[in-house]
Amino acid sequence: MVSWTGMVACYAENDHSKEALECFSEMRNVGFMPNNYTFVSVLKACVGLQEIGMGKSIHGCVLKSSYELDNYVSIALLNLYTDCGDIRGAQCVFEDIPRKDVISWSFMIARYAQSDQSEAAIGMFCQMRKALVVPNQFTFASLLQSCASLGCLSLGNQIHCFVLKLGLLSDVFVSNALMDVYSKCGIMENSVTLFVDAETKNEVTWNTMIVGYGQLGNGEASLTMFMNMLEQKVLPNEVTYSSALHACASLAALDPGTQIHSLTIKTKFDKDTIVGNALIDMYGKCGDIRHARLVFDMMRNRDEVSWNSMISAYSMHGLASEALRIFQWMQESEFKPNKLTFVGVLSACCNMGLLDEGQAYFTSMVRDYGIEPCMEHYTCMVWLLGRLGKLDKAMKLIADIPFHPSVMIWRALLGACVIHNDVELGRVAAERVLEMEPWDEAAYVLLSNMYAAAKRWGNVACVRKSMKKKGMKKEPGLSWIEVQGNTHLFTVGDTSHPEIRLINGMLQWLKVRITREGYVPNCCVVLLDIEDDEKERLLWLHSERVALAFALIRTPSGSPIRILKNLRICADCHAAIKIISKVVEREIVVRDINRFHHFQDGVCSCSDYW
DNA sequence: ATAGGGTTAG
């Protein structure tokens with residue numbers, strides 16, 4: 001009997017699952033009784049072959065055998081059930097274990113945590129404590145994972161104390177998991193403390209910090225962590241690279257992003273699907289749509305995220321036909337469009353004002369793909385209708401939304417009202433926004449702009465007053481560019497730059513040149529109660545123009561210029577930059593709060609619809 | 001005699 005068992009075990013251990021199963025059935029045919037070790041080995045082979053049915057029949061054998069459910073066999077069974085997604089089956093096996101030890105408890109907690117059943121994982125831990133079983137580092141690592149995904153700080157603190165009491169903080173898995181809890185709860189200070197005090201650090205330790213900062217929107221800190229990690233000679237893995245690229249994307253930092261891309265090529269991590277997806281996203285968000293597409297084309301193993309990222313990237317750049325071509329191609333591939341795919345597709349239509357197409361995709365999404373529209377889909381449709389001036393239809397759509405409209409929906413409607421000067425509806429939209437987010441300064445500013453456009457200066461003053469009462473200020477218009485690794489930031493009428501005299505000279509020259517090409521200042525965009533020549537002067541102080549002038553001085557001729565700004569680009573700057581792109585023969589990319597504009601040869605990729 | 005469990009990402 002021992003030799004039969006030894007054979008089954010040997011096969012199972014060495015990845016010969018098929019032979020293990022054959023050996024097991026032969027053993028039974030010749031009438032030998034399997035023991036615990038035989039069961040463990042053959043169950044392992046079943047999991048390896050995904051032979052769930054076989055596994056369950058062996059479970060039957062185990063129950064019939066004279067052995068009481070052994071802890072080793074029970075773990076093998078738990079593994080079998082959870083591996084085929086039958087966590088309830090596993091729970092039943094677990095309940096029948098006569099003497100549950102720390103390993104069986106920890107196993108169940110781990111599997112609940114991994115299958116997104118955080119509450120169940122925590123429930124198991126409570127039962128475990130009632131059963132007076134002492135948890136170990138494995139238990140805590142899993143428990144903390146659930147705690148992190150729930151973002152439950154009070155529980156995290158309790159577990160932290162417990163960990164300290166048991167002296168388990170020195171375990172790198174436990175301290176990593178605890179750091180993650182604090183970062184998911186938004187308390188990076190605590191994560192930093194743990195990070196600094198950690199006895200042992202591995203690449204996961206660093207990744208947890210990089211990801212933590214990234215998810216809290218602190219791209220700079222995330223990138224700094226990444227650079228420190230390189231300095232400390234800790235080897236990055238695919239998680240590191242994808243997260244660092246994500247930070248670059250959030251900062252629209254093309255240079256660091258490109259450098260990290262080279263690092264991934266050197267280390268071969270560029271072949272990783274998730275890193276590839278992060279590269280598409282990074283290039284897209286940094287304004288380099290051609291490289292985004294290049295990465296997409298070179299990818300060996302795309303997943304749905306790759307397709308979605310490419311569609312969204314094109315959409316962000318106003319290249320609706322490219323976005324829709326990728327969507328078409330996706331449908332011909334093995335991947336099925338999901339919710340996020342349609343967010344990309346609809347926003348592509350939205351960015352180009354393709355009303356019929358947008359409506360058709362919206363209908364098809366529900367009818368052909370069975371996807372229930374979510375808030376993002378409705379936001380696209382409201383903006384699509386509203387932007388085209390169909391404000392009543394947009395309003396009707398909002399009324400038809402089966403759930404409570406989010407602040408994004410009202411913001412979209414408000415934006416459309418501003419463009420079409422619908423003061424009354426705009427006021428309603430602004431009120432809704434401010435009900436939900438009383439500190440939304442953009443809503444106040446848009447409302448005030450609308451009143452100003454209608455020359456209702458009394459209302460303007462009123463809005464300004466209520467802002468002042470709350471101690472809120474208008475978000476200043478900012479533009480920035482990256483030149484040789486340095487970021488240069490400009491505000492409206494900025495005179496603080498050391499090279500301001502050169503910049504002003506360049507602006508003067510540009511003004512003369514584009515006036516000769518037919519530029520006429522559009523003073524309507526200056527919403528102040530002042531004279532036209534003063535308005536004209538103010539237009540030339542807009543931050544994007546100052547940034548552009550600086551870029552023309554400080555970047556090599558012929559290279560593309562990338563400008564980032566925090567607000568929507570104004571109509572006059574748009575007109576001016578179009579002509580400038582022709583005069584200076586440069587490609588000028590401007591990313592405003594919503595999207596990218598590619599100016600070249602006197603035209604913009606947005607076809608003047610934005 | 002011998003066999004079992006864990007963290008990070010789009």
Side-chain angles (χ1 to χ4, degrees), chain A residues 1-3 5-6 8-10 12-13 34-45 47 70-80 82 94 97 100-114 121 135-149 168 171-181 183-184 191 198 200-212 214-215 222 225 236-247 249-250 269 272-282 284 302-310 312 338 340:
Chain A
M1 185 183 88
V2 172
S3 56
T5 298
V8 176
C10 190
E13 282 302 315
N35 69 8
N36 291 347
Y37 189 19
T38 335
F39 284 130
V40 169
S41 304
V42 75
L43 283 168
K44 198 189 278 180
V47 172
D70 171 274
N71 275 344
Y72 290 93
V73 177
S74 56
I75 289 286
L77 285 169
L78 293 179
N79 194 32
L80 174 81
T82 52
F94 177 76
I97 300 175
K100 303 174 181 65
D101 64 2
V102 61
I103 295 180
S104 29
W105 281 106
S106 303
F107 185 96
M108 288 306 287
I109 293 171
R111 292 303 160 101
Y112 275 120
Q114 286 157 4
N136 65 11
Q137 65 272 38
F138 292 89
T139 328
F140 284 120
S142 299
L143 179 65
L144 287 165
Q145 187 189 5
S146 289
C147 191
S149 53
L168 289 172
D171 183 86
V172 68
F173 285 92
V174 174
S175 81
N176 287 351
L178 200 49
M179 275 169 49
D180 193 46
V181 170
S183 91
K184 294 280 190 315
S191 308
T200 43
K201 294 189 183 72
N202 58 14
E203 75 280 10
V204 178
T205 318
W206 289 89
N207 291 348
T208 306
M209 294 300 284
I210 294 170
V211 171
Q215 285 177 341
S222 183
M225 266 289 161
N237 65 11
E238 72 278 17
V239 178
T240 323
Y241 286 120
S242 71
S243 317
L245 287 166
H246 183 72
S250 75
F269 280 115
D272 183 87
T273 302
I274 292 168
V275 172
N277 297 344
L279 282 167
I280 297 174
D281 188 52
M282 183 278 289
R302 299 190 191 109
D303 62 9
E304 44 272 284
V305 179
S306 324
W307 293 91
N308 294 351
S309 307
M310 197 62 237
S312 303
N338 63 17
L340 287 169

Contact class for A:V211 vs. all strands (heavy atom < 4.0 Å): base, sugar-phosphate, or nothing?
sugar-phosphate
Counting side-chain heavy atoms from C-beta on, which of B:dT2, B:dA9, B:dT8 comes nearest to A:T208?
B:dT8
When we call it a touch if two heavy atoms are under 4.0 Å apart, what does A:D171 touch: a base, just sugar-phosphate, or nothing?
base
What nucleotide among B:dA9, B:dT7, B:dT8 has an atom nearest to a side-chain atom of A:Q114?
B:dT7
Which of parallel (below 30°), tilted (30 to 60°) and perpendicular (above 60°) describes A:F94 and A:W105?
perpendicular
Report the residues that fulfil salt bridge (Lys or Arg N to Asp or Glu O under 4.0 Å) with A:K100, sequence neighbours left out, ordered by chain and then residue number.
none
Closest to side chain of A:N35, choosing from B:dA3, B:dT8, B:dA1
B:dA1
When you compare the ring of A:Y72 with the six-membered ring of B:dA3's base, are the centres less than 5.5 Å apart and the planes under 30° from each other?
yes
How far apart are the C-alpha atoms of A:N176 and A:N207, what are their side-chain angles, what is the distance that settles it, and do they pass the side chain to side chain donor-acceptor pair (under 3.5 Å) test?
CA-CA 9 Å; A:N176 287 351; A:N207 291 348; over 6 Å; no
Between B:dG4, B:dT8, B:dG10, which nucleotide has the shortest distance from any of its atoms to the side chain of A:I75?
B:dG4
Please answer whether B:dA3 and A:Y37 are stacked, defined here as ring centres separated by less than 5.5 Å and planes angled under 30°.
no
To the nearest Å, give me how far apart CG (A:L80) and P (B:dA3) are.
21 Å
Please determine whether any donor N or O and acceptor N or O are separated by less than 3.5 Å between the side chain of A:D101 and the base of B:dG4.
yes
